[in-house]
Amino acid sequence: MQVTLPDGATLELADGASALVAARAIGPKLAEQAVLARVDGEVRDLRLALPDGARLELLTTRDRDDPDALAVLRHSAAHLLAEAVRRLYPGVKVAIGPPIANGFYYDFAFPEPIREEDLAAIEAEVVRELSEGRAWERVDVDRGEARARFEGEGETYKVELVDTAEGDISLYTQGDFTDLCRGPHLQDSSPIGAFKLTGLAGAYWRGDERKAQLTRIYGTAFFTKKDLDAHLERLELARANDHRRLGTQLDLFHFDERSPGSPFWHPKGMAIFNALDDLRRRENARRGYSEVKTPLIYDKALWVTSGHWEKFRENMFQIPVDDGQVFAIKPMNCPGHMVMFGSQLHSYRDLPVRYAEAAPLHRNELAGTLHGLTRVRYVTQDDAHIFCTREQIDDELDGCLEFLRFLYAIFDIEPRAELSTRPDDKLGSDAEWDFTEEKLIEALARHEIEYFVGVGEGSFYGPKIDLHATDSLGRSWQLGTIQLDAQMPARFDLTYMGPDNREHPIFVVHRAFFGSLERFIGILIEHYGGAFPVWLAPVQVRALPVADVHREAAGDLLGALGLGGVRADVDDRDETLGKRIREAELQKIPYVVVWGDRETRDAMAVRRRGGQGVESMSMDSLVEEIAEQSPLS
RNA sequence: GCCGGAGUAGCUCAGCUGGUCAGAGCACUGCUCUUGUAAAGCAGGGGUCAAGGGUUCGAAUCCCUUCUCCGGCUCCA
């Protein structure tokens, strides 16, 4: 048989030859350094037979930055961890241990709980294994054999995995540890140049909170120590961009244990919030949305109608009132908008109706899930509900996707799109969901948006197009969402009068593009590292009088800048100019104007953020330059 | 909610094998200096060591409970 190499050359091999055999045929050094084969673009264990005519690419220890090569390295490192844990903790059961972004984990059921301080000993044991060296052996076995083996070892989780595994069963053995595993794996442990355990956490078996909670040990591995050090350094730098840290440093917001999960927006943070809200309001107005305001608390009866009482009650703050009546604070705007729409009769001529409202919402999120601004209990969505006919759905979805692209381009954020389909606890029939899901799929196709499918991730009332972005620590957060809903309008008996003088069902598009302003600002803080573009910067210009005698002039300057629509402040503290400039830089203020004897309105000394020098600029041109940089102008 | 870790001044942190352990830097206040592009000098105020309970002659330090935060899991904008 024949395989093709990346340079186009072909290689003759005996039938059934593995990638390793191919590597040896090319050169012993290559065979020694090989960690992984890519066959027709797919990763494949070196030991597996190659198909005739395959395009073969061999990854070696030199591909130390290749994600696939790193994944194999880390997957093998996870097996070393399991081997060490089994030796150190007799009676432990192993579950699963995959590679993940930046590392790997392995889940265990320990006979006794372990603590973080135990990790050092475990890591030392793995390091010992590495110094001894380990080689992986792969065998393909039949299901019964694998099952018997793990049953004999008391590895009940592995037994369950064997029972539910699809396709052939393969085992990898290194040292005295054999694991059920598809692979691929390294030939031996020599490429693992650095190994580190990074954390300990609980994790439910198969991600199901009703199942046993296992102990997950996180770690990472690299081809070289240098790569590990670089990784740790990157993490350190990322921490500097953490919005919780910057929120304090830049005086944007804070949290208080007397209202967990709800930010206190300081004046500077509120300036950012308001800039986004201004953008929201103006763009909505341009696109035919109407601003409305609906109540914050509602009788439980409303939530029963909407379905929230059944599906979302745990996440709602409830307020007992007189006579056993219960009210609840709204976690979403939609039911209120349903009531508003239903308060009047609507002709087909009126549609679509687009209600926008950025009201405060409260969700009683589980305590353990709160996270700075990205997971809060007080949520402000740039929310809107579009009430339309069946025929208008496509146009409205198109409008949403265009709107969304317009907004994200402003921030230079490229989110990943997800199509979230019907969940297990959905309202409505499969036929209805077939229709609404198809509408979203078609809209994504029209806009040539690539997406992944989140099976069962939809809302209980409808499928969604969700947008995800990543924070400074690599965590993914959902931002915007577009949801198509046939359920809630039906539950509220919403209809419109058609040209045939008969009532027709209403469809609703729920949409929020920032998602929650809180979360979006959290992501923005990290995206910009606190150095906001001028239009978002809480303080756009800081005036620094050189000496006491210049205070009044600096104050006048502030007034003039304010009239020009610029957010400006003055630092006239009794500190040296150098110190005040340093602080303005640390506060990441875009423009600093120093005002002394030499300055006039026509020739101000302006220093730009991060710049070294000073330039002379008139006040008018500064005001103009700032205005030009705003999407609001 | 679950697993693990932590909570000391406004911020960042030291002290935590129980006994001058209540500290440092920044910030803040006062005074001196009157300042020209990334940290002037001196002095001073400030903490029920998260809260409550316990062990002890003695607790920031050890134990228990609660709250909050951090890293994950589940959930989610």
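All values derive from a computational prediction rather than experimental measurement.
Distance from the side chain of Glu257(A) is smallest to rC67(B) among rG4(B), rU35(B), rC67(B). You'll find that the side chain of Arg582(A) is closest to rA38(B), out of rA38(B), rU35(B), rG1(B). With rA77(B), rG4(B), rG36(B) as the choices, the nucleotide that has an atom nearest any side-chain atom of Arg115(A) turns out to be rG4(B). Counting only heavy atoms from C-beta on, Asp548(A) has its side chain closest to rU35(B) among rU35(B), rU37(B), rG4(B). Residue Thr576(A) has its side chain nearest to rA40(B) when only rC73(B), rA40(B), rA77(B) are considered. Ranking rC69(B), rA38(B), rC28(B) by closeness to the Arg573(A) side chain, first place goes to rC28(B).
Going from the P atom of rU74(B) to that of rU56(B) covers 45 Å, rounded to whole Å. rC49(B) and rU61(B) have their C1' atoms separated by 10 Å, given to the nearest Å. Atom name P, nucleotides rG54(B) and rU8(B): the rounded distance is 24 Å, in whole Å. On the C1' atoms, rG45(B) is 30 Å away from rA6(B), given to the nearest whole Å. Rounded to the nearest Å, the gap between the C1' atom of rU48(B) and that of rG53(B) is 15 Å. Between the C1' atoms of rG25(B) and rA14(B), the separation comes to 11 Å (whole Å). Distance noted for atom P between rA50(B) and rA60(B): 10 Å (whole Å).
At whole-Å resolution of the value, NE2 in His254(A) and C1' in rG10(B) are 11 Å apart. With rounding to whole Å, Leu366(A) atom CG is found 13 Å from rU74(B) atom P.
No contact: Leu544(A) has no heavy atom under 4.0 Å from any strand. At a threshold of 4.0 angstrom between heavy atoms, the contacts of Val376(A) include nucleobase atoms, whether or not backbone atoms are also involved. Among the atoms of the strands shown, base atoms are found under 4.0 Å from some heavy atom of Glu599(A). Residue contacts for Gly199(A): at a heavy-atom cut-off of 4.0 Å it reaches no nucleic acid atom on any strand shown. In this structure, Arg206(A) reaches neither bases nor backbone, as no heavy-atom distance under 4.0 Å exists between it and the strands shown. No engagement by Arg580(A) is indicated, since no non-hydrogen atom pair under 4.0 Å with the nucleic acid exists. No engagement by Asp256(A) is indicated, since no non-hydrogen atom pair under 4.0 Å with the nucleic acid exists. When heavy atoms are screened at a 4.0 angstrom cut-off, Glu585(A) is found touching base atoms of the nucleic acid. Within 4.0 Å of Arg216(A), counting heavy atoms only, lie sugar-phosphate atoms of the nucleic acid but no base atom. Using a 4.0 Å heavy-atom distance criterion, Ala201(A) is classed as a base contact. Contacts of Lys211(A) with the nucleic acid, taken as non-hydrogen atoms under 4.0 Å apart, are absent. At a threshold of 4.0 angstrom between heavy atoms, the contacts of Gly207(A) are confined to the sugar-phosphate backbone, with no base atom among them. Tyr218(A) comes within contact range of the sugar-phosphate backbone alone, with a heavy-atom separation under 4.0 Å but no base atom that close. At the heavy-atom level, Asp574(A) lies under 4.0 Å from base atoms of the strands shown.
Nearest-nucleotide positions on RNA chain B for Arg551(A) and Ala367(A) put Ala367(A) closer to the 5' end.
In the interface, the side chain of Arg245(A) is not paired with the base of rC11(B) through any donor and acceptor atom under 3.5 Å apart. Looking at Gln587(A), its side chain has no donor and acceptor atom pair within 3.5 Å of the base of rA38(B).
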Stepwise, does the ring pair (Phe, Tyr, Trp, His ring centres under 6.0 Å) test hold for His527(A) with Phe411(A)?
-> CA-CA 9 Å; His527(A) 179 64; Phe411(A) 302 96; 8.3 Å; no
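Of the N and O atoms on the side chains of His550(A) and Asp597(A), at least one donor lies less than 3.5 Å from an acceptor on the other residue. Side chains of Arg363(A) and Ser516(A): no donor on one and acceptor on the other come within 3.5 Å.
A salt bridge links Arg607(A) with Glu585(A): the distance from a Lys NZ or Arg NE/NH1/NH2 to an Asp or Glu carboxylate oxygen falls below 4.0 Å. A salt bridge links Arg280(A) with Asp277(A): the closest approach of a Lys/Arg side-chain nitrogen to an acidic carboxylate oxygen falls below 4.0 angstrom. Between Arg287(A) and Glu402(A) there is no salt bridge, since no side-chain N of the basic residue sits under 4.0 Å from a carboxylate O of the acidic one. A salt bridge is defined here as a Lys NZ or Arg NE, NH1 or NH2 lying under 4.0 Å from an Asp or Glu carboxylate O, and Lys330(A) with Glu357(A) meets this definition.
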